[in-house]
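Numbered from 1 within each chain, the chains take letters A, B, ... in sequence-line order. From a predicted model like this one, the values you see are computed outputs, not experimental measurements.
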Amino acid sequence: MTRLSRYLLPTEKEAPADAEALSHRLMVRAGLVRQVGSGLWTWLPAGWRVHQRISAIVREELDAIGALEMLMPVIQPAELWKRTGRYPIEELFKLNDRRGAELVLAMTHEEVVTSHVAQIVRSYRDLPLILYHLQVKGRDEPRPRAGVLRTREFVMKDSYSFDRDQEGLEHSYARHIEAYDRIFERAGLRWYRVAGDVGVMGGTGAHEYMAPCAAGENEVALAPGYAANVEVATAQAKPVELPAALGAPAALDTPGATTIAAVGGLLGLEAGAMLKAFPVHVEERGLVLVMLRGDHRVNEVKLAAALAAPWRPASAEEIASAIGPPGFIGPVGAQLPVLLDAGVADGPYVTGANLADTHLRGVEPGRDFAYERVDVRSVEAGDLVGGAPITIEPAIEVGNIFQLGTRYSKALGASFLDEQGAEQAIWMGCYGIGIARIAAAAVEQFADERGISWPAAIAPFAVHLVALGKPGSAERELAERVYETLREGGVDVLYDDREAGAGEKFADAELLGAPLRLTVGRRTLESGEIEAQLRRGSVALAGIAPADALAAVEELCRSLA
RNA sequence: CGGGGCGUGGCGCAGCCUGGUAGCGCACUCGCUUUGGGAGCGAGAGGCCGUCGGUUCAAAUCCGACCGCCCCGACCA
């Protein structure tokens, strides 16, 4: 029943005052979602149709790679999470039952799925295996935001692959890449698959699927043939002009100039002509001096990867006692390892002299200090990849795929016997997709000043049929017949049969964003043609004769798919 | 967790500074008119002013505590 007069579609002329992100404003205004609490959302009927259409695409593509759908519980014993060491995670919702037993609200399902596999899988003959489900996840987010983009409860498709070795894992991973590429393509998004950070999970590979949009929380570096999360992106730095070389470093009087900006101002130098020292304390290694070009910034994710150990910025005391006066430290003469960022080219730079109120000019890496080369800076717009300048766009992470290895299988005893009868740990991968984020990203990417403009594949309705004229009029009777014809023909049609003005109906149709709008009114009676209009583009469509309505609409829908 | 802002009918807001028993627009109900881009006239319904406490003859308004929500940052396997 999709007569608007009998449907729940609470459209609003004005967005809630606290809604800022475009998708937040439009999804509420279009009557798709309503907020229950911070980061907690109800999907109203039309919104849920979008959600379901996305889920259907996800299911089809996962089934196509042989993944098996199942369903695991949201509430789980805390014990499982203690065994994998994830119980202390702050975002994990913890609760107790009436007897005081400790439970959690699952944020993902590695623990449960792995414990099942540990019990069920015995032999290499049982592998490989890909299991998935669509299930609610709970996360005690420090800051829910932007409507449905970052919430405390959300439906996620998560799949898990189980293989006998790394080669098998890589194969399952590759299959997921195929499925994911098709899913995001079919959903009609603008998307990128980017290299991701493997993080502390210690996996061997990770990619993120990113949908560029203004409300995105991540940043993606893009160049022709290149896409990476800025957390891990690598690019060739824009060159800077450096002064003439000196035979040896020479001291400069720089009283009180403890920052790059201050030194630059004092000496009339641009930041890129200086070297910035970033002293860090690395676990089991001690103090290390990281040197970057003055205009570059340390990327903490890349630094963590380069150091391969936990680290923290050195304290002022450590700097003063082991290196020099804070604000004036540098690599020349420093008695500690120096890591030189890849963005630093050969040439003379100005840098701290390890003496109060003093810098050195003419400092040349290699000649004046020994170093180990690392790549730990954040790339910037205009840096080069393959000779082309990169751009940096905000994006929302709509999916991720991750090679887990044996972290969970070892913790939970998921193993199998190989052909030789030897027990082996199972190699795992995990793969997530946020359904709501796909919907929100599509809203963000394709909305215009009139409202949402859905990709046809995930629109709540394929056709929005607007009936004009008074109830009981000849045009209304015609509209009724068109509606029944389309409905019986299996078209997803929303029929606006309300008693409302034409402007209101058109505005609601444009806000809700179905790809095709049909209008039946007095003009239809006069011309003998139903007016057809696409939500996207401004191409005028030929009218449709009422007798041909079903065939013509089916043809139009096919052309939009 | 740090910084900022906001809680008054379904939505958007005014009233608070200067205390005196709540108002506007939209939406809603009924009637008449209107009917291809968010209509007109008339008549209505709807609010423990986030909660608790304090000050006062009197609190939406002043004071305190708490709760909730939003934004920026931190965080986000």
Side-chain angles (χ1 to χ4, degrees), chain A residues 8-21 24-25 28-31 34-41 44 81 84-92 106-111 137 139-147 149-152 154 156 158 196-203 206 208 215-218 229 231 300-301 304 396-397 400-405 407-408 428 430-432 434 437 450-451 466-476 479 496 498-511 517-527 530-531 533:
Chain A
L8 184 68
L9 188 74
T11 56
E12 297 285 349
K13 219 179 260 191
E14 296 186 81
D18 56 18
E20 204 129 304
H24 183 182
R25 298 172 65 82
V28 172
R29 283 225 295 134
R34 278 284 165 107
Q35 185 168 13
V36 175
S38 180
L40 303 170
W41 290 84
L44 295 171
W81 291 72
T84 58
R86 297 211 293 178
Y87 190 68
I89 292 176
E90 287 195 39
E91 281 162 45
L92 184 64
M107 53 203 301
T108 62
H109 282 73
E110 280 87 358
E111 277 77 5
K137 306 289 180 253
R139 293 190 189 182
D140 192 358
E141 288 288 347
R143 185 151 100 82
R145 57 180 295 276
L149 275 181
R150 182 162 211 90
T151 56
R152 294 196 289 179
F154 57 97
M156 175 171 159
D158 42 327
D197 173 36
V198 289
V200 300
M201 307 282 295
E208 292 158 351
E217 301 180 293
N218 299 89
N229 192 323
E231 286 181 348
E300 299 195 358
V301 175
I396 186 72
E397 184 181 349
N400 64 66
I401 55 178
F402 201 98
Q403 297 186 24
L404 285 170
R407 179 189 186 308
Y408 290 92
M428 291 176 55
C430 65
Y431 316 86
R437 282 186 173 183
R450 294 175 301 169
V466 173
L468 301 178
K470 280 184 238 193
S473 63
E475 56 265 39
R476 283 296 194 117
D496 191 347
R498 295 174 302 174
E499 288 189 49
E504 191 176 345
K505 293 187 174 192
F506 291 148
D508 273 355
E510 282 153 0
L511 177 60
R517 189 181 93 200
L518 299 181
T519 307
V520 174
R522 205 178 48 230
R523 287 184 200 163
T524 310
L525 297 179
E526 289 163 0
S527 67
I530 300 165
E531 193 173 312
Q533 195 167 332

Legend entry - Nucleotide nearest A:S38 (side chain, heavy atoms from C-beta), chosen from B:U35, B:C70, B:G37: B:C70
Inset, instruction - Look at the side chain of A:R522 and decide which nucleotide, out of B:G36, B:G12, B:C72, has an atom nearest to it. - result: B:G36
Base, sugar-phosphate or nothing for [X]? Non-hydrogen atoms, less than 4.0 Å.
| X | result |
| --- | --- |
| A:E510 | base |
| A:T84 | nothing |
| A:E20 | sugar-phosphate |

Legend entry - Test side chain to side chain contact (heavy atoms under 4.5 Å, CB included) applied to A:S38 - qualifying residues, sequence neighbours left out: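 A:P144, A:R152.
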Inset, instruction - Whole angstrom is fine here: how far is it from CD in A:E217 over to P in B:G73? - result: 10 Å
Inset, instruction - Measure the distance from CE on A:M156 to P on B:C76 and round it to the nearest whole Å. - result: 17 Å
Inset, instruction - Identify, between A:Q35 and A:E91, the residue whose nearest nucleotide on RNA chain B lies closer to the 5' end. - result: A:Q35
Legend entry - Residue whose closest nucleotide on RNA chain B lies nearer the 5' end, A:F506 versus A:R139: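 Nearest nucleotide further toward 5': that of A:F506.
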What protein N or O atoms touch nucleotides 38-48 of chain B N or O atoms at under 3.5 angstrom, if any, and at what distances?
from, atom 1, to, atom 2, distance (Å)
B:G38, O4', A:E504, N, 3.4
B:G38, O2', A:K13, NZ, 3.1
B:G38, N2, A:D508, OD1, 3.4

Inset, instruction - Examine the base of B:C76 for any acceptor or donor lying under 3.5 Å from a partner atom in the side chain of A:R150, and report the outcome as yes or no. - result: yes
Inset, instruction - If B:G38 has a Watson-Crick or G-U wobble mate with both distances under 3.5 Å, name it; if not, just say none. - result: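 No nucleotide pairs with B:G38.
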Inset, instruction - Say whether A:T108 and A:D158, considering side chains only, have a donor N or O and an acceptor N or O under 3.5 Å apart. - result: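 No, no side-chain donor-acceptor pair sits under 3.5 Å.
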Inset, instruction - Using a cut-off of strictly less than 4.0 Å, decide whether A:R143 has a side-chain nitrogen or oxygen near OP1 or OP2 of B:C71. - result: yes
